[in-house]
Structures are given as structure tokens and as C-alpha cells.
Amino acid sequence: MMKNLDREAARQYILDGLDLRAFGSLAPRLPRIIGDMIEYDLHFRRLTGTDEAGKPVEYDEDEAFEYIYDAWLGDNPGQDDEDMTVALLLDCFMDLWQEYLEGQP
């Protein structure tokens, strides 16, 4: 499922599914933030062995959410005033990302 992932197509799919008005000051940065969230999730999947050949580990959405959220906040210090908006964005991201992945061959 992840071998031939088109990151740009995934990012665009997610951006197209978002209501940009809900993210206020983050709106101009959404393409970069969504790209970062994709990379954080792919890294989480590599760390946990999810989606690898052989015996795949079950994907834990709650753990993935926490990992992505913490990674984003760690890479973007001083953005504490946006943490709830980022959490809302991440919640939407997780749903759209899963939809995108399920539609892949």
C-alpha cells in the first residue's frame, strides 16, 4: 500500500477535503503542514512496523495521532497558541488520509 505512494497527490486529496475556513491563521501554511503530517505518519508506520510485508502490526490511530501531534509541536516551537487548531486539523487529516490510503491499489 505504501510502496508507490504519491505524496503530492495525497497532500492535494487531503487539502481538497478540508474546509479551509476552519483553520484560520493556519490556512496559508496548510500545504506544508499537511505534507509534514504525511511524513510524520509514514515515520510512525515505519517505527511500529505497520503496513510492512510479513506480519503487519495493527495501526493504532490514537498512538499515531499523539505521535504526529507531538512531532509537529516539537518541530514548530512557539506555536502553542495554535495547538487546538492543529489538533482539529490533525483530526480531519487522519480521516482524509485514511480515505486516501484505502483508495490506493
Side-chain angles (χ1 to χ4, degrees):
M1 176 164 70
M2 298 292 195
K3 283 187 177 188
N4 299 317
L5 179 68
D6 182 341
R7 287 169 166 81
E8 183 55 36
R11 185 174 70 155
Q12 194 57 54
Y13 179 88
I14 293 164
L15 285 168
D16 290 346
L18 294 173
D19 178 359
L20 302 182
R21 297 169 295 176
F23 303 107
S25 65
L26 292 180
R29 297 180 286 156
L30 284 177
R32 183 185 59 81
I33 295 170
I34 295 301
D36 289 348
M37 288 180 172
I38 289 170
E39 294 307 318
Y40 296 141
D41 186 68
L42 293 174
H43 189 252
F44 174 79
R45 290 170 185 266
R46 283 190 300 274
L47 289 174
T48 60
T50 306
D51 293 332
E52 290 184 12
K55 257 187 159 172
V57 175
E58 186 173 324
Y59 182 78
D60 186 320
E61 268 189 44
D62 293 333
E63 282 185 33
F65 184 98
E66 287 181 37
Y67 180 86
I68 296 166
Y69 185 71
D70 290 345
W72 191 88
L73 290 178
D75 286 349
N76 295 277
Q79 306 296 324
D80 295 339
D81 57 327
E82 297 175 332
D83 60 347
M84 293 309 294
T85 307
V86 170
L88 172 63
L89 173 61
L90 181 52
D91 189 50
C92 296
F93 165 83
M94 297 292 285
D95 291 339
L96 291 164
W97 176 229
Q98 188 61 35
E99 279 179 26
Y100 179 81
L101 293 176
E102 288 174 357
Q104 297 304 295

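In this text, all values refer to a predicted model and were calculated from it rather than measured experimentally. By convention here, the first residue in the shown sequence is residue 1. Note: hydrogens, waters and symmetry copies are ignored here, and every other heavy atom, side chains too, is used.
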Roughly how far, to the nearest 0.5 Å, is CG of Asp75 from CD1 of Ile33?
12.0 Å
Between Asp41 and Tyr59, do the side chains contain an N or O donor and an N or O acceptor separated by less than 3.5 Å?
yes
Under the salt bridge (charged side-chain N to carboxylate O under 4.0 Å, His left out) rule, what pairs show up with a residue in residues 12-25, not counting sequence neighbours?
Asp19-Arg21
Listed partners of Glu66 passing side-chain contact (heavy atoms from CB on, under 4.5 Å), at least two apart:
none
Tell me, please, which residues at least two apart from Glu61 pass side-chain hydrogen bond (donor to acceptor under 3.5 Å, both in side chains).
none
Interatomic distance, Met37 atom CE to Arg11 atom CZ [nearest 0.5 angstrom]:
13.5 Å
What is the distance from atom CD of Gln98 to atom CD of Glu102, rounded to the nearest 0.5 Å?
4.5 Å
Evaluate the side-chain contact (heavy atoms from CB on, under 4.5 Å) criterion for residues Arg7 and Leu42: first the C-alpha distance (whole Å), next the side-chain angles of each, then the deciding distance (0.1 Å), finally the verdict.
CA-CA 10 Å; Arg7 287 169 166 81; Leu42 293 174; 3.4 Å; yes
Non-hydrogen side-chain atoms of Leu47 and Tyr67 separated by less than 4.5 Å:
yes
With a 3.5 Å cut-off and sequence neighbours excluded, list the donor-acceptor pairs that the side chains of residues 84-96 form with protein atoms.
none

Could you tell me which residues satisfy side-chain contact (heavy atoms from CB on, under 4.5 Å) with Leu20, sequence neighbours excluded, listed by chain and number?
Leu18, Leu30
Counterpart residues, ring pair (Phe, Tyr, Trp, His ring centres under 6.0 Å), relative to Tyr13 (two or more places apart):
Tyr100
